[in-house]
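Only one structure is covered here, and it is reproduced in the block below.
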Amino acid sequence: MSRTQTIRNNKLDLYLIGVGGQGIGMLSEILIRAADYAGYPVRGVDTHGLAQRGGMVVSNLRLGPKTFTPLIREQQADMVIALERNEALRGMITHLKRGGELVYYDTSWQTLAARLGQEEDITADRIVAEADKLDVSVERVFKEDLEDARMQNMVLIGHLADKERIPGTKPEDYRQAINDLMRGSMLEANMMLFDSLVNQG
Amino acid sequence: MKELKDVMLAREAQSEIVIGNSALVRAMVEAGTRVVAAYPGSPTPEIAEAIKAIPRKERPFYFEFSTNEKVATELAFGASINGHLSTVFFKSVGLNVAADSFVQLSLMELTGGMVVVIGDDPGANSSQNEQDNRHYSQLSYIPMLEPATPQEVYRMYLEAVAISRREKMPIILRLTTHVCHAKERVSFGGWKPLEFDDKPRFSSENGPYVPITREVFPMKRRALNKWEKVREYASSSDLNRIEDNNNKKRGIITTGVPYLSLQDVLQDLDDDRQNKPDILKLGLVQPLDKKLILSFLKEHQEVKILEELDDVLELQIKSLAFDEKIETRILGKQGIEDWMGEYTPDKVARVLRRCWPDLLPKEETEERSLPISPRPPQMCPGCGHRSAFHPIKKALDKHDITVADIGCHTLGFLPPYEMGEVLLSMGHSTNTGAGLSLFNDERKVVAFLGDSTMFHAGLPGIVNAVFNDHNLTLILMENGTTAMTGHQDHPASGQNFNQKVEAIPVRQVLEGLGVKEIYETDTYAQDRLQEMVEQAVSSSGFNAVIARHPCMLKFTREQRRQGSYKDKKVKIDQEECVQIHECVSDFACPTFQLEEDGTVWVQDDLCIGDGSCLQTCPTRAIVFAEQGGGGDE
Ligand SMILES: Cc1ncc(C[n+]2csc(CCOP(=O)(O)OP(=O)(O)O)c2C)c(N)n1
């Protein structure tokens with residue numbers, strides 16, 4: 001059986017993590033709809049903390065027929081997708097399975113403890129070092145010339161689509177999902193960015 | 001773009017990926033619900049967002065955000081006894097506010113039908129406790145349905161409506177956080193708009209509706225009879241169902257989210273079906289279908305009651321087994337941990353391991369240590385509350401007592417501000433503060449209160465402080481909106497859910513309630529606010545400081561929508577910065593980042609260029625960056 005087949009018959013758990021305000025809701029909506037277009041049974045849940053902004057936010061996404069609850073178990077996610085460096089580390093350690101994949105957008109919003117100088121700042125090298133301990137493969141995503149920070153989530157989406165990180169889920173599935181969720185100038189800007197990211201290779 | 005409105009109003013049967021809260025609104029439309037009222041609170045605000053997606057002219061029902069949960073409940077009740085199918089929704093603790101009227105509902109003939117939707121929050125994801133509202137069902141004789149998935153939310157609302165209309169009684173639909181927010185493809189039925197009968201059909205002959213003295217007992221008897229009828233009905237419905245794994249030894253009785261978690265955890269033993277316990281999943285969680293439960297007990301040697309939070313099912317099932325002299329071993333809570341937190345799959349695995357150590361395969365999680373601290377929510381860049389706390393802290397002596405209330409400003413209790421040291425519930429602050437002021441001329445008392453909360457539950461306390469001449473300062477954190485729950489309008493916003501209305505200004509309310517000494521300033525004028533607070537706390541009696549600034553998250557979002565947003569930023573002039581660190585350590589806007597060598601820099605992803613930080617730098621090293629590219633839309 002191909003890897004895609006195996007996953008289609010079982011499950012693929014994607015644990016999304018970031019900081020409130022980074023657009024994790026849209027990231028998760030696009031992924032769940034793209035996977036749905038690719039034919040996966042899908043299930044998900046966003047878990048927001050109290051306020052809108054500034055706290056850790058998580059979204060669970062579960063693909064395949066063998067899921068009941070939308071909640072992913074600790075250390076069992078197949079992939080952690082993070083919008084921020086500190087949260088990438090957190091998500092990997094709490095939820096990624098040994099040998100899983102970490103994909104993260106490399107911006108840093110320091111935790112309060114780091115800003116108060118009580119805690120070491122997390123670097124990209126530190127992420128790799130911690131990942132090695134768990135046999136995790138790391139993909140660092142970053143776009144130098146991105147003008148609007150609110151489109152960092154789309155850079156991640158483009159990366160996942162381009163590399164077909166969700167087996168069997170093609171750029172066209174993502175395009176349909178994006179079309180379902182956006183309109184007007186927002187759609188234009190995001191689609192343009194998406195196209196530029198998937199057409200490179 | 002796929003419009004949520006089209007999903008809500010489609011005539012044909014359809015399926016769509018939605019969250020539980022949206023599935024509920026579609027069910028309201030299909031059911032012919034006529035009046036809906038609410039007060040915002042997690043995990044329910046997205047219900048109102050789905051309602052908002054339907055333009056008012058096409059909305060088949062009336063909706064309002066009322067000033068609090070009790071008001072909303074009473075409004076829905078009034079509509080129901082006039083013949084309209086009504087619904088009220090709010091968060092878990094909202095039921096405490098509504099309780100005085102809510103507990104009366106079962107005594108009444110609700111001719112139009114009424115569903116009470118409660119968003120409980122096991123795990124206290126966004127609440128001040130994780131109270132188990134199943135107790136309220138027992139207390140009030142109001143039956144309770146509990147869905148586990150968005151599909152069940154849709155289905156059970158329709159079921160609740162059917163029972164409610166048939167028996168003319170209220171029904172509770174109990175959602176929990178991860179049912180409200182769970183996403184899946186939900187299949188909906190078709191919708192044929194009804195011709196509504198708008199005739200006001202209230203008649204005391206449908207009653208009695210006045211439960212005084214001798215009327216109480218026939219009304220209570222009727223309520224209890226209806227309660228028993230619903231119990232009977234359960235046997236003929238499929239709300240409760242058994243999953244037979246042919247296990248004579250072990251069974252599990254469960255509901256809602258714990259049921260889903262259980263299913264996931266039991267997959268670990270998929271190959272060995274012999275072991276898999278039978279499952280009785282309850283959808284009607286109160287009253288219990290005794291017959292079904294008794295037969296399930298009799299068929300097993302051991303039955304585990306897998307329930308989140310309190311031992312509501314356990315106590316009833318044990319007493320049932322006692323009465324019927326059943327020998328089955330009933331396994332309930334095993335220690336305090338079992339009473340706490342959401343029953344996620346991880347939690348359910350732990351609970352089951354304790355109960356039946358041989359059931360699940362060996363625990364596979366490894367010890368891992370996390371090198372970073374938790375990231376709790378915090379006030380946004382530009383938040384007016386931050387600009388208030390910073391000078392207020394300076395105005396007070398460190399022994400003074402600050403009383404928090406509920407809202408975004410509660411976050412002031414976190415370091416480095418540590419403003420607002422005690423919290424009960426919405427609107428408590430003035431009154432807890434008044435209590436703290438008694439026999440106390442040593443430590444000043446300051447209470448914080450949000451503007452939405454003032455209208456919700458704050459008014460009686462303010463009147464009390466004037467009436468009984470208490471000695472404290474109330475600081476009204478006015479940001480023009482109900483920020484924490486997602487920017488719902490309130491009476492001082494100048495707009496309700498449906499239209500523009502005349503605002504009821506906070507200051508006029510205070511004056512009208514008899515508050516004589518009132519100060520008022522925009523919080524960005526930090527020095528001015530500091531002086532005002534110093535003055536207020538040094539005068540005696542009750543006074544109020546209105547600390548005003550619009551919610552900047554709402555403000556910048558609106559600007560972005562209108563295309564008038566200017567992309568401004570601040571930056572650190574490294575020549576001027578001598579690393580005093582007031583910006584990171586005291587003012588603590590999350591925009592400021594600290595390097596290990598002490599350098600401070602501005603995270604442009606976060607900065608909104610509001611400039612409230614400029615005044616906090618002793619060497620004026622925070623400056624506006626050169627103007628960027630202007631609006632970004
Ligand atoms: C009884 C009750 N209902 C609803 C809530 C949910 N809730 C949390 S904060 C808040 C309102 C806060 O608004 P406001 O007082 O204006 O303060 P802000 O967040 O705008 O600073 C609400 C309704 C609650 N905690 N308790």
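The structure presented is a predicted model; accordingly, all values stated were derived computationally and were not measured. Chain letters run A, B, ... following the sequence lines, proteins first, then strands; residues in each count from 1.
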Practice prompt. Would you sort out whether A/I32 and B/K183 count as a side-chain contact (heavy atoms from CB on, under 4.5 Å), showing the intermediate values?
Written response: CA-CA 9 Å; A/I32 197 171; B/K183 271 187 270 198; 4.0 Å; yes
Discussion item. Quick check on A/R98 against chain B: is it the side chain, the backbone, both or neither that has a heavy atom closer than 4.5 Å?
Written reply: both
Discussion item. Which one wins on heavy-atom pair count under 4.5 Å against chain B: A/D121, A/V42, A/D180, A/N86?
Written reply: A/D180
Fill in: Any donor-acceptor N/O pair, A/R73 side chain to B/T344 backbone, under 3.5 Å
no
Item to complete: Would you mind reporting whether A/P70 and B/T149 have side-chain heavy atoms less than 4.5 Å apart?
Response: no
Item to complete: Tell me, for B/P376 versus chain A, whether the close heavy atoms (under 4.5 Å) come from the side chain, the backbone, both or neither.
Response: backbone
Worksheet item: Nearest 0.5 Å, what's the CD-CD distance between B/E367 and A/Q75?
Response: 8.5 Å
Fill in: Interatomic distance, B/L594 atom CG to A/E119 atom CD [nearest 0.5 angstrom]
12.0 Å
Fill in: Minimal non-hydrogen separation, B/Q267 against A/F68, with atom names
CD-CE1, 3.8 Å
Item to complete: Sort out for me which of B/L370, B/V600, B/I372, B/D604 touches chain A most, counting heavy-atom pairs under 4.5 Å.
Response: B/I372
Worksheet, complete the sentence: Whatever's closer than 4.5 Å to a heavy atom in chain B on A/I93 counts as both
Fill in: Under 3.5 Å: donor-acceptor pair, side chain of A/E74, backbone of B/D346
no
Fill in: Contact class of B/S369 relative to chain A, heavy atoms under 4.5 angstrom
backbone
Discussion item. Please check: side-chain N/O of B/Q378 versus main-chain N/O of A/G54, any donor-acceptor pairing under 3.5 Å?
Written reply: yes
Practice prompt. Drop me the distance from A/E87's CD to B/R375's CZ, to the nearest 0.5 angstrom.
Written response: 4.0 Å
Practice prompt. Check whether B/Q593 gets within reach of chain A through its side chain, its backbone, both or neither, counting any heavy atom under 4.5 Å.
Written response: both
Worksheet item: Pick from A/R183, A/E147, A/R90, A/R43: which one has the most heavy-atom pairs with chain B under 4.5 Å?
Response: A/R90
Item to complete: With a 4.5 Å cut-off on heavy-atom pairs, point out which of B/H178, B/E3, B/E184 contacts chain A the most.
Response: B/H178
Worksheet item: Which answer fits A/L116, side chain, backbone, both or neither, if we ask what part of it has an atom under 4.5 Å from a heavy atom of chain B?
Response: both
Worksheet item: Considering only heavy atoms, which portion of A/N179 lies under 4.5 Å from any heavy atom of chain B: side chain, backbone, both, or neither?
Response: backbone
Fill in: chain B contact via A/E188 - which portion, at a heavy-atom distance below 4.5 Å
neither
Practice prompt. Taking only Lys NZ, Arg NE, NH1 and NH2, and the carboxylate oxygens of Asp or Glu, determine whether A/K133 and B/E366 approach each other closer than 4.0 Å.
Written response: no
Worksheet item: Side chain, backbone, both or neither: which part of B/Q263 has an atom under 4.5 Å from a heavy atom of chain A?
Response: both
Worksheet item: How far apart are the C-alpha atoms of B/D264 and A/T69, what are their side-chain angles, what is the distance that settles it, and do they pass the side-chain hydrogen bond (donor to acceptor under 3.5 Å, both in side chains) test?
Response: CA-CA 7 Å; B/D264 243 73; A/T69 167; 5.6 Å; no
Worksheet item: For chain B, which of A/L96, A/I72, A/I178 has the most heavy-atom pairs under 4.5 Å?
Response: A/L96
Discussion item. Quick check: closest heavy atoms across A/R115 and B/F592, and the distance to 0.1 Å?
Written reply: CD-O, 2.9 Å
Item to complete: Taking only Lys NZ, Arg NE, NH1 and NH2, and the carboxylate oxygens of Asp or Glu, determine whether A/K97 and B/E364 approach each other closer than 4.0 Å.
Response: no
Practice prompt. Side chain from CB out, backbone as N, CA, C, O: work out which of these in B/P371 comes under 4.5 Å of a heavy atom of chain A, or both, or neither.
Written response: both
Practice prompt. Quick one: do A/R150 and B/R560 satisfy side-chain contact (heavy atoms from CB on, under 4.5 Å)? Show the steps, please.
Written response: CA-CA 12 Å; A/R150 290 174 304 148; B/R560 284 192 157 113; 3.1 Å; yes
Fill in: Main-chain N/O of A/S108 paired with B/Q603 side-chain donor or acceptor, under 3.5 Å
yes
Fill in: Interatomic distance, B/L606 atom CG to A/W109 atom CH2 [nearest 0.5 angstrom]
4.0 Å
Worksheet item: In Å, rounded to the nearest 0.5 Å, how long is the span from CD of B/E595 to CD of A/Q110?
Response: 7.0 Å
Item to complete: Could you tell me which portion of B/E16 (side chain, backbone, both or neither) has an atom closer than 4.5 angstrom to a non-hydrogen atom of chain A?
Response: side chain
Practice prompt. Name the option with the most non-hydrogen atom pairs under 4.5 Å to chain A; the candidates are B/R185, B/M379, B/R368.
Written response: B/R368
Worksheet item: Within a reach of under 6.0 Å around CE of A/M192, are more than 12 heavy atoms found that belong to other residues, nucleotides or ligands?
Response: no
Discussion item. Quick check on B/Y417: does its OH atom have over 12 non-hydrogen neighbours (other residues, nucleotides or ligands) under 6.0 Å away?
Written reply: yes
Discussion item. Heavy-atom cut-off 4.5 Å, strictly under: side chain, backbone, both or neither for A/E120 against chain B?
Written reply: both
Fill in: Proximal component of B/A349, with respect to chain A [non-hydrogen, under 4.5 Å]
side chain
Fill in: Selection from A/I122, A/L134, A/L187, A/T94 maximising heavy-atom pairs under 4.5 Å formed with chain B
A/L134
Discussion item. Need one label for B/C583: side chain, backbone, both or neither, based on atoms under 4.5 Å from any heavy atom in chain A.
Written reply: neither
Discussion item. What's the separation between atom OG1 in A/T47 and atom NE2 in B/H181, rounded to the nearest 0.5 Å?
Written reply: 10.0 Å
Item to complete: Tell me, out of B/T177, B/V584, B/I19, B/I17, who's got the most heavy-atom pairs with chain A below 4.5 Å.
Response: B/I17
Worksheet item: Is chain B contacted by the side chain of A/E29, its backbone, both, or neither, given a heavy-atom distance below 4.5 Å?
Response: both
Fill in: Nearest heavy-atom neighbours spanning B/S373 and A/T111
OG-OG1, 4.0 Å
